[in-house]
Structure formats: C-alpha cells, structure tokens
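Read the structure below first, then the notes.
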Amino acid sequence: MGEFSFGRKYRLQHRKEFDRVFASRVRAGDDVLLVYGAPNLLGHPRLGLTVSRKLGKATFRNRWKRLIREAFRLNRRQLPQELDLVVIPRAGVQPQLDRVTQSLIQLAWQVRRKWDRRQRTEEKHPGSG
RNA sequence: UGCGUCUGCCGAGGAAGGCGCAUCCAGGCUUGGCAGCGAGGGUCCUUUGCAGAGGAAAGUCCGGGCUCCAGAGGACAGGGUGGUGGGUAGCACCCACCGGCCGCGAGGCUAGGGAAAGUGCCACAGAGAACAGACCGCCGAAGGCCUCCGUCCCCGCCAAGGUCGGUGGCCAGGCAAGGGUGAAACGGUGAGGUAAGAGCUCACCAGCAGGCUGGGUGACCAGCCUGGCUCGGCAAACCCCACCCGGAGCAAGGCCAAGCAGGGAGGAGGUGAAAGCCGUGAGGCUUUCCGCGGGCUGGUCCGGCCCGACGGACUCCCGGGUAGGCCGCUACCGCGCCUCGGCGCAAGGAGGAGUCGGGCAACCGGCUCCCCAGAGAAAUGGCCAUCCCCCGGUCUUGCCUGCCCCGGGGACAGAACCCGGCUUAUCGGCUCACUCGUUUU
RNA sequence: CGCGGGGUGGAGCAGCCAGGUAGCUCGCGAGGCUCAUAACCUCGAGGUCGCGGGUUCAAAUCCCGCCCCCGCAA
C-alpha cells in the first residue's frame, strides 16, 4: 500500500535538514526547477520545498508545492534512493505535472552522479576532504 | 421596445469512484552510541467513525474580546471623530431623517460644528483683495484760472477795467452707475433724487441678525414682526467647542526540556527626632519616622514603588547559550460517576438555521433545533476515468431550435488567536421597485 | 503574522510640515578652448511628482483608498 504514500518520513521538516542539503553545494537545474541534493542513510528519498514569494501569491505558490509533491509521490521508485532533495521552482513558469515530473527525475539523477564522482575522488585522494 | 436608476439574495460548478494528504482515539516500535530519566516528539500497522478554507480567508483601515506592561488612578500633552435621532459590546460601521450640491427624472454625492473668540493665508492678473480702490470713464453744481458772446456801470464813441448771465476748455475736487481683471470686487429690479451719482430715500425681491408664533424628540421647516442696509472664502491651516482614546501586541503571554560564563563602566548622605543597647565619658551601633538625594513607572507631571556608602536600587557596554517542544488553540470549564483514565449530563458563544412578535428600518426579544478546520516546512490540491451544466465550431439547408461529434473554459483567491465592520479583487444567476424616450392601441 | 520607512528628469537627492515659481549634483546633446582627448567655459533638451478620488479658486504638498519597493523582530 505504501508505494505511492507520502508520509512525514518522506519530507524534510526541520531547518537543520534543509541547511545540511544547502551546505553541500551540490545542485542541478533546468528552466523549470532547481534541485539541491545530499545523500542520507535512510534507504529512501526525502523531499523539501522552497518557494519564494517572488513567484506569486499564496494560491499560486501552493499549486507549485502540490504539483512537485505529486511528481515526487507518483515517481518515488524511479528516483535515486537515499537522497535528500530540496526543490526550488523557477520564476515565470506555469506549473505542469508532466514537465515537473520529467525535470525532477532527470535532475535528481544528475545530483546523484555528482555525489558518486565526489566520493570516488575522495577515495583516490583521502587527504583532501 | 431602447437608454438608464435602484432593492434584496443565492451559488462559488455538481454527483459518485480510485490513488494520496490529514484530525481525533487505542495498541506496538523507536529516540546518534553506552547506563538511567522521558518534557515531549517521530514513525509504522490495524481498526473505527467523523470532520476538513472564504465571501472576500486578502489589504491590515477602524472597533472589540483576550494577554502582558506594578493594582492602569488624576491632570496636561498628543491623537481621533464631527448635521440630528436611533441601532450596537463598540466603531470612522449600519438605518431613518434634515441641510447643501449635481442630474430633465428615477436618483446620486456629501469629514456637513464654529470664520460677528483670536492668529494666519488668498499667488498671477488687476486701479483696487479685506471694514479695499479710482486706470478708462461720468460730473465739474458751489470754488479757482482762461477763451468767446450778451448785458449793464464808467463814457461823446471805441478800447481797457468791473457787475450779472451764458457757451467751451483746464484745475482743485466730487462719484462709484458702466468698462476691463480675477476663483472671488460691499446685493437685484423699478421709481424718486442729483452737477453726476450712490441704500442717499422708497417699494418689492434675495440674503443677514434679533424676536415671536406654529409643527417636529431633534437637526430643521413654515409664517409674521423689527432692525441696520451688507457685514467674503479657506478650519481635510493653526485654533476654539463637544464627545472619545493608557501602551503594546498570540513572534502577546505562561510552562517544560536542553545548554551557557561571565566581565567592565557609571551610580545617591543629613546629624533632624524618638526608642533600645554599649561605654565612666566624649561618643558609637541598631530600628522606626521625618527631611534630602538617586532611580523606575515605554510622552510629561502628580501620585505610587525601589534604593541610599565598602554596599548598592537602577542604567549602559562587551561577551556567552538556546532557535526544540507543550499550553494559549477552539470547547475548555462546571456537575455526577468511577477501575484516575475516561464516560455521562449540562453549559458555552456580540455563533448558525427556522419560526413567532415589536420596529418605517438598522435591529431587538421569545421559542425550537444544530455544535461548525485547528495545521505547525504548514492539510481539502493534483492526477485518472464517467455523467450533467456554460461557451464556440462542425454536420442536412437561407434562418431558428434540439441532439450527436470536436475543441475550450468555470473567476478572484488559501484559515494561522478569535469576532464585528470597512476597503479592494472577482465569475455566474435570480429578483423587487422605478425614471426618461420611441412606437402601437 | 505584526510593526515601521519610502516612491520627484537617465542615476542619486532637495522641495511637502506652514498649498500658487518643480530645484541641486552627476550624466546626455550642441558650440567654444586644444594639433587631439580629458578638464574647463557657454547654451540647451529631458519630469503623467507611483495610481485613482476628495477638499480648495488652485494639490508634488492637505485628506482618503489602492499599487510597488525596502527594513525590523520572538
């Protein structure tokens, strides 16, 4: 039953969790979304949202959040596991579910690959971390 | 039938299904590691049943509740409101009425007290702008000068001079009716009057002030009499008058857990009174009162409170810790029962629905029924499939209507302590009353 | 969520409280000076005073309502 669920364990809820993801400086973006990411040890991804007031009024911002959550919920199995994501929508774009889904999956995997490369270079040069 | 004015109201696409969110309750698991505690939190599974955004939730423009500021008291300052009467917990809101302005009209707008308490301002233009003024203009009677004519005096006649009368010009001077300026120029019409004129005088009208009568709770309205003839506008300028207002705000405020480290600077004294104790004594000490001084009271003062010599009330500066949770928070509370955690009853509120009564209305009162989001990186959205509603297109045809099919659309907008209003944004529909015009009968 | 401050030529500001003329510096354009450029001198253009109402004869200014920008904190 839990394949499409979106309980609290799949969300970032505290400032410390957000700060950890932003502090890693690992991100990927296209013209729809900007995604920050950092690996976790939980065995599943987690989602956090940052929607600026510059995007629009409250109803418009809520629509963005709901669509991004829906894209995350319906495609959780296709995302990299063990990754915390913070998703920021771009200004001036009309939110659409298929575009958000496509961007989210692509950008999450880009973040995942950047972390893999960083891990390999740290294994080759263990003193530079 | 067209152009308009206006009253009241409804919905916020609907129905049902799935995924998912999410509130309450019960149980299990867990809390970076180790041992213990667990304010509380997180998560999972199952079950139960019930709720789950708005008319503006918005802007934060007013008014309250609630909480804290020392128990919030008086005066001043400051701020707000501004026709009258009513409604209300209260308001800058609502209703009714009055006055003014606009509109042919139905109607609309209206911060609408006081300018004969005081101060100030009224640019430019214009002659003159506040108890004003004389540019053009009108007059120039009485007064002065000049020109010309007539008359009379002097005289034989003329001239000159003088007297009286007249024509014309200039001046002193008079006037404010007309022109022109301006947003605004000390009333309008007519007659008398005069050198020309003028409320200078009179009649009527308009306006002002005072008084009386009648109507209305009142703002005010109607009528009559008297007066002086005139006395501008701006108080959303200061101000005066009447009424109202202490300040901050749920990030208020209370509590729990965890954690830390403090340091520096400034900072006020009388020997006045009483009592007690010590001392042979000069005197010393303690308490209380008085006086003085310092400080706090989030504008000031009074009032109130705290403190006053090796210890300090209070103020300022530097530095350190926390950024978690609970209550407030939405039905607690009260009463009863009991296994002390719940259950039942009842209550609650400027609450909603219905109904009856009062009132022109806003609104009020009685009765019956209902219990209505409580999240906390923030929930109702989104997606999938079906039907109905709205708009456009297409298909047989010149037009209309209906069906099928295709396409598109359903606005403004998201609770964050809670109410009452206002303002602003915005989709669709229903409805009451009425004006002006056109056509027909 | 609550509370403050501001919007004036291209840029940064004055003027607003006590209403009648929108001003200053830099920049821009033309001319002069110079062999030339800069500097300097002279002249000039450029402003719906955020928007809409109201008060007033008259509003950047006073009053009301909206829009936008910036700041503060338990």
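Below, read A as the first sequence line, B as the second, and so on, with proteins coming before strands; counting in each chain starts at 1.
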Between atom [atom1] in [X] and atom [atom2] in [N], what is the gap in whole Å?
{"X": "A:Leu67", "N": "B:C19", "atom1": "CG", "atom2": "P", "value": "21 Å"}
{"X": "A:Lys65", "N": "B:A378", "atom1": "NZ", "atom2": "C1'", "value": "7 Å"}
{"X": "A:Asp84", "N": "B:A377", "atom1": "CG", "atom2": "C1'", "value": "14 Å"}
{"X": "A:Asn62", "N": "B:G414", "atom1": "CG", "atom2": "C1'", "value": "6 Å"}
{"X": "A:Phe72", "N": "B:G382", "atom1": "CZ", "atom2": "P", "value": "21 Å"}
{"X": "A:Trp64", "N": "B:A377", "atom1": "CH2", "atom2": "C1'", "value": "18 Å"}
{"X": "A:Arg61", "N": "B:A379", "atom1": "CZ", "atom2": "P", "value": "12 Å"}
{"X": "A:Arg63", "N": "B:C412", "atom1": "CZ", "atom2": "P", "value": "12 Å"}

Suppose we define a pair by two distances each less than 3.5 Å, Watson-Crick or G-U wobble; what does [N] pair with here?
{"N": "B:C360", "value": "none"}
{"N": "B:G11", "value": "B:C427"}
{"N": "B:C432", "value": "none"}
{"N": "B:G33", "value": "none"}
{"N": "B:G320", "value": "none"}
{"N": "B:C285", "value": "B:G276"}
{"N": "B:G298", "value": "none"}
{"N": "B:G270", "value": "B:C290"}

Say you pick atom [atom1] in [N] and the same atom in [M]; how far apart are they, in whole Å?
{"N": "B:U30", "M": "B:G54", "atom1": "C1'", "value": "41 Å"}
{"N": "C:G71", "M": "C:U25", "atom1": "C1'", "value": "27 Å"}
{"N": "B:A261", "M": "B:A265", "atom1": "P", "value": "22 Å"}
{"N": "B:C101", "M": "B:A362", "atom1": "C1'", "value": "27 Å"}
{"N": "B:C404", "M": "B:U394", "atom1": "C1'", "value": "11 Å"}
{"N": "B:A416", "M": "B:C302", "atom1": "P", "value": "46 Å"}
{"N": "B:G99", "M": "B:G82", "atom1": "C1'", "value": "15 Å"}
{"N": "B:C363", "M": "B:U431", "atom1": "C1'", "value": "24 Å"}

Which heavy atom in [X] sits nearest to a heavy atom in [Y], and how many Å separate them?
{"X": "A:Val111", "Y": "A:Gly37", "answer": "CG1-CA, 3.6 Å"}
{"X": "A:Arg27", "Y": "A:Tyr36", "answer": "NH1-OH, 3.1 Å"}
{"X": "A:Leu33", "Y": "A:Val100", "answer": "CD1-O, 3.9 Å"}
{"X": "A:Leu83", "Y": "A:Ala108", "answer": "CD2-O, 3.8 Å"}

Residue mapping more 5' on RNA chain B - nearest nucleotide basis, A:Arg66 or A:Gly48: A:Gly48
Under the salt bridge (Lys or Arg N to Asp or Glu O under 4.0 Å) test, residues paired with A:Asp116 that sit two or more places apart: A:Arg112
RNA chain C stem ranges, 3 or more consecutive Watson-Crick or G-U pairs under 3.5 angstrom: C:2-7 with C:67-72, C:10-13 with C:23-26, C:28-32 with C:40-44, C:50-54 with C:62-66
Short side-chain to backbone donor-acceptor contact, A:Lys114 and A:Val26, under 3.5 Å: no
Mind telling me if [N] is syn or anti? Syn here is a glycosidic angle within 90° of 0.
{"N": "B:C372", "answer": "syn"}
{"N": "B:A53", "answer": "syn"}
{"N": "B:G199", "answer": "syn"}

Side chain to side chain, A:Pro45 and A:Phe72, heavy atoms closer than 4.5 Å: yes
Side chain proximity check, A:Pro89 to A:Val32, heavy atoms < 4.5 angstrom: no
Residues A:Val86, A:Val35; criterion side chain to side chain contact (heavy atoms under 4.5 Å, CB included); working and verdict: CA-CA 6 Å; A:Val86 175; A:Val35 174; over 6 Å; no
